[in-house]
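I have placed the structure first, in the form of structure tokens, so that the comments after it can refer back to it.
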Amino acid sequence: AADDKQNLDRQPWRDLMPCLRYREAARHQVRGGLSEADRFAKHVSMADEAVCVGPTRAAESYLNIPRIIQACKDTGAEAVHPGYGFLSENTKFSQACADNGIEFIGPSPSAILDMGDKIQSKKIAQEAGVHTIPGFVGILDTIEEVIRVANDIGYPVMIKASAGGGGKGMRIAYNDAEAAEGFRLSRDEAMASFGDDRLFVEKFIEEPRHIEIQLIADKHGNVIYLPERECSIQRRNQKVLEEAPSPFITPEVRKVMGEQAVALAKQVGYHSAGTVEFLVDKHQQHYFLEMNTRLQVEHPVTEEISGVDLVEQMIRVAEGKELPFKQSDITIKGWALESRVYAEDPLRGFLPATGRLNRYIEPCQAAVRSALELEYPEAAEDGIVRCDSGVTEWSEISMHYDPLISKLITHGKDRPAALKLMAAALDRYVIDGPAHNINFLREMMDHPRFVSGKIDTKFIETEFKEGYHGYQLNDSQQQDLVAVSSAMQWKNVLTAFASGTAPKELPLVLTLLSKPHKVLVRRAENDNAVVVEAEGWKRHLNVRAWGLGGSPVFEAVINDGGAKHDLAVQVLERKLLGVTVQHCGSKFDVRVESPEQAQLAHHMPATVVANLANCLVSPMPGMLVSLTAKKGDRVVMGQELAVVEAMKMQNILRAPCDGVIAELAKSPGDTLAVDEVILELDVGAAALMQPSIGSMVRPRPASGRSRDGGALDHGMKEQRELDDFFVASSDVSVDASTRDSRGQLWMRGLGVVPTGAIKNDHR
């Protein structure tokens, strides 16, 4: 079997991994396809043979069907496993494989065609008796048609690409203006991602859960559904965390959903693995969303709780074999979670990041189990930690493909055990280089609402209305971190002195989160035991690893005078007067000084931060697609100025303040780095009083309802349209329909009032 295709989410390694995982059992030779940009990628080194199928651009390599077919012929490949995307749901590619005598490890071309078109699939689902979302089942070609249909259905609506997937080509609209712009952006994204810009509109189900049913079917008419997956934690319509089973679905609802998914598969003569996705409202009423005719990124959680190796079964089905089990054989075994580890920055609205992995160490199952033995022995006993990754140390995360680094999976006897395993694994996951989302994933493991299982697809939007600001340490956690930093400084002092000459105790002043802590550190029963005392608290640390040498993870058992607990802290940087550490996924700077140094520190000059309030900067790495203004043009705050494309997503950048464009630093087609200046504005004193760029580039929540006046549109209509607030003086009211730049101009500089307080139309 050869795996020469790549992924809709644009990370080539993900497609090769399934075949490589199965190779050991099936003894298949694996050939791998690569673009020029992936010449040194992990999946290339793991393949028995690798073939370059073209340059970096996906259209010339991973989407180039003739080149991939030729690569199969050149290597003698008998079968192709398409992985998760790119050509995995491409009818033309599936047919090309058949025409050239190459077995496509997936469904038939006709099934891909029927289910790949969201409009056609909805019609077939209705015929099969599957519950569907109300909407217009047809293609919409103009803005006027979209607005008309949206008003007929009733806002909010979802504008979707017919050939879409992976969150691409999707926008939520709450009014006519958002529908018009959503049509434009969705169409552009759909064409760039799928080569198909057809759109349709359906009702947007508010507060839904995203729950999907995994199917596996053979060529003999047998179709089996496996336990459901919960995929509700999303940003920009893309999944971040998945679990199986769902904490919400009852056995009765599971059976109905599974049977409807099977009926849909039989309606189109489906074989191989596939997933039927549903939206489920708070009353457990489910609505058909789409069918993915491929292996899903999140399939490992289903494998862990069902015991079914989906890739193995896909290959067996392709070989013409019957499924070796029946529906009655399928049971739920424990609980599984999957965290998608992305190169993206949650502190900047989950914007994608790029760069080299200077250090990369995946969590070890044995270390995770050991860490849980003290507090959670049941989770430690048989817990599973699995990391499906496509990178190694020194791998490059580029702007050309999806920023997914890996999928971290844990499995325990129940949901609490799986959560504890995941938290411990994330604490020990070392990634140094581009920004990553481990901080957010780790936050979720302790978030009360997520832990309770009361989630929906708007979880991130509602729980982090002002954006994500990192893990918030409580007092006890801050004391733990101060104690760890003190112990590290004590270790440094011991190393500097000859044996027997080190001081018996060490006074220090540590500053964490602007709060000073005066501590006294001393040796306890041995060199790996330290006592740290401060006013009002005390910690005894038995250190298992100092974060030196091969791994930067500091591990210790901490006794705070009550219960003992295990703690893992990553040492990111040791400085002259302190240390930068990562705790619970978030970075913290701890200043470590002697009492004398601390006393003199306030005499040091403060660091001056550059003011970019009058600049439009790129909040992410990408390519500048267009500029809507030229030098000398007058612009107003919130006015669209540029479109940046990153990972095939269109992002609108808006003016951070009023002014006249003084300089254009970049031109369309230029590559942009994070925080790179695109243009500069000449602003007056009044304009300089507007919010700084730091508060303007954060994307608004996925619903499209602005919460922070963010100047960046990213994902589903994230532009500053002032939906929730209008700017007006106490004696001026404006109509809620006034959302254009002129309105922003004549209201600038006045107070902010809620929309509900606006009564009349005074323009």
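Predicted, not measured: the structure shown is a model, and the values here were computed from it.
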Looking at Tyr468, is Arg235 sitting on its ring face, NZ or CZ under 6.0 Å from the six-membered ring centre and within 45 degrees of the normal?
-> no
When you look at Asp188 and Asp197, which way does the side chain to side chain contact (heavy atoms under 4.5 Å, CB included) test go after all the steps?
-> CA-CA 7 Å; Asp188 290 346; Asp197 63 357; over 6 Å; no
Side chain to side chain contact (heavy atoms under 4.5 Å, CB included) test vs Val617 passes for just one of Leu672, Leu612, Leu653, Ile678, namely Leu612
Assess whether side chain to side chain contact (heavy atoms under 4.5 Å, CB included) is satisfied between Tyr84 and Gln296, documenting all intermediate values.
-> CA-CA 6 Å; Tyr84 306 143; Gln296 292 282 88; over 6 Å; no
Closest heavy-atom contact between Ala629 and Ile661?
-> CB-CD1, 3.4 Å
Given side chain to side chain donor-acceptor pair (under 3.5 Å), test Gln234 with Arg236 step by step and report yes or no.
-> CA-CA 7 Å; Gln234 304 177 6; Arg236 298 193 299 276; over 6 Å; no
How close do Arg184 and Ile652 get, heavy atom to heavy atom, and via which atoms?
-> NH2-CD1, 3.9 Å
Closest heavy-atom pair and its distance - Arg634, Gln639 = O-OE1, 4.3 Å
Report the C-alpha separation of Asp682 and Lys631 in whole Å, then their side-chain angles, then the decisive distance to 0.1 Å, and conclude whether the salt bridge (charged side-chain N to carboxylate O under 4.0 Å, His left out) test is met.
-> CA-CA 11 Å; Asp682 183 7; Lys631 184 175 180 178; over 6 Å; no
Taking Ser94 for the side chain and Asn90 for the main chain, is one N or O donor matched with an acceptor at less than 3.5 Å?
-> no
Once you round to the nearest 0.5 Å, how far does OG of Ser667 lie from CG of Leu624?
-> 7.5 Å
Salt-bridge criterion met for Glu202 and Lys122 (N-O under 4.0 Å) | yes
Strictly by modelled atom types, are Asn151 and Asp176 linked by a side-chain donor-acceptor pair under 3.5 Å?
-> yes
Validation row: Met115, Leu264 side chains within 4.5 angstrom (heavy atoms) = yes
Verify the distance criterion only: is there a donor paired with an acceptor across the side chains of Arg449 and Thr462 at less than 3.5 Å?
-> yes
Quick one: does Leu681's side chain get under 4.5 Å of Cys615's, heavy atoms only?
-> no
Closest non-hydrogen atoms of Pro668 and Ser626, given as atom of the first, atom of the second and distance, are CG-CA, 4.2 Å
Residues Arg209, Glu277: salt bridge by 4.0 Å N-O rule | no
Check the pair His469 / Phe464 against ring-ring contact (aromatic ring centres under 6.0 Å, His included), numbers first and verdict last.
-> CA-CA 9 Å; His469 303 296; Phe464 303 97; 8.8 Å; no
Residue pair Tyr287 / Pro208, side-chain heavy-atom distance below 4.5 Å | no
Using 4.0 Å as the upper bound for N to carboxylate O, is an ion pair formed by Arg229 and Glu243?
-> no
Separation between CD1 (Ile159) and CD (Glu181), nearest 0.5 Å, reads 10.0 Å
Chi angles and distances behind the ring-ring contact (aromatic ring centres under 6.0 Å, His included) call for Phe440, Phe350 | CA-CA 10 Å; Phe440 178 78; Phe350 298 92; 5.0 Å; yes
Heavy-atom side-chain contact between Val201 and Leu140 under 4.5 Å | yes
Quick one: are Cys231 and His210 in side-chain contact, heavy atoms under 4.5 Å?
-> yes
Could you give me the CA-CA distance, side-chain angles and deciding distance for Phe86 and Phe93, then say whether ring-ring contact (aromatic ring centres under 6.0 Å, His included) is met?
-> CA-CA 10 Å; Phe86 265 170; Phe93 178 66; over 10 Å; no
CG on Asp456 to CZ on Phe248, rounded to 0.5 Å | 10.0 Å
Give a yes-or-no answer on whether the side chains of Glu89 and Thr293 include a donor-acceptor pair shorter than 3.5 Å.
-> yes
Rounding to 0.5 Å, atoms CD1 (Ile112) and CG (Asn292) come to a distance of 11.5 Å
Not counting sequence neighbours, which residues clear side chain to side chain contact (heavy atoms under 4.5 Å, CB included) with Arg148? List them please.
-> Glu145, Asp152
Does any donor atom in the side chain of Gln260 or His286 lie under 3.5 Å from an acceptor atom in the other side chain?
-> yes
Do Glu189 and Arg171 sit within salt-bridge range, that is, some charged N less than 4.0 Å from a carboxylate O?
-> yes
Short side-chain donor-acceptor distance under 3.5 Å, Glu463 and His447 | yes
If you measure from CG on Leu87 to CG on Leu63, what distance do you get to the nearest 0.5 Å?
-> 5.0 Å
Under 3.5 Å donor-acceptor, Lys203 side chain and Ile153 backbone | no
Working for salt bridge (charged side-chain N to carboxylate O under 4.0 Å, His left out), residues Asp196 and Arg187 = CA-CA 8 Å; Asp196 184 344; Arg187 185 174 58 180; over 6 Å; no
Work out which heavy atom in Leu241 is nearest to a heavy atom in Phe450; give both atom names and the distance.
-> CD1-CZ, 4.0 Å
Is any NZ, NE, NH1 or NH2 atom of the basic residue among Glu207 and Lys458 found under 4.0 Å from an Asp or Glu carboxylate oxygen of the other?
-> no
Find out whether Arg348 and Val674 are in side-chain contact, i.e. whether some heavy atom of one side chain is under 4.5 Å from a heavy atom of the other.
-> yes
Between Thr132 and Gln126, is a side chain to side chain donor-acceptor pair (under 3.5 Å) present by the stated rule, with each step listed?
-> CA-CA 7 Å; Thr132 59; Gln126 291 172 342; 3.3 Å; yes
Just how far is it from atom CG of Leu404 to atom CD of Gln238, taken to the nearest 0.5 Å?
-> 10.0 Å
If you look at every heavy atom in Pro82 and Ser88, which pair is closest and at what distance?
-> CB-CA, 3.5 Å
Starting from the C-alpha separation in whole Å, work towards a yes-or-no answer on side chain to side chain contact (heavy atoms under 4.5 Å, CB included) for Asp633 and Val660.
-> CA-CA 6 Å; Asp633 285 356; Val660 175; over 6 Å; no
Does the side chain of Lys666 come within less than 4.5 Å of Glu676's, by heavy atoms?
-> yes
Between Arg198 and Asp117, does at least one N-O distance fall below 4.0 Å, as a salt bridge requires?
-> yes
Assess whether side chain to side chain contact (heavy atoms under 4.5 Å, CB included) is satisfied between Ile172 and Tyr174, documenting all intermediate values.
-> CA-CA 7 Å; Ile172 294 174; Tyr174 285 85; 3.4 Å; yes
Going by heavy atoms in the side chains, are Ile213 and Phe278 under 4.5 Å from each other?
-> yes
Would Glu242 and Lys407 count as a salt bridge (charged side-chain N to carboxylate O under 4.0 Å, His left out) if you check the C-alpha gap in whole Å, the side-chain angles of each, and the deciding distance to 0.1 Å?
-> CA-CA 10 Å; Glu242 300 100 348; Lys407 301 178 298 180; over 6 Å; no
Any salt bridge between Glu338 and Lys239, counting N to O under 4.0 Å?
-> no
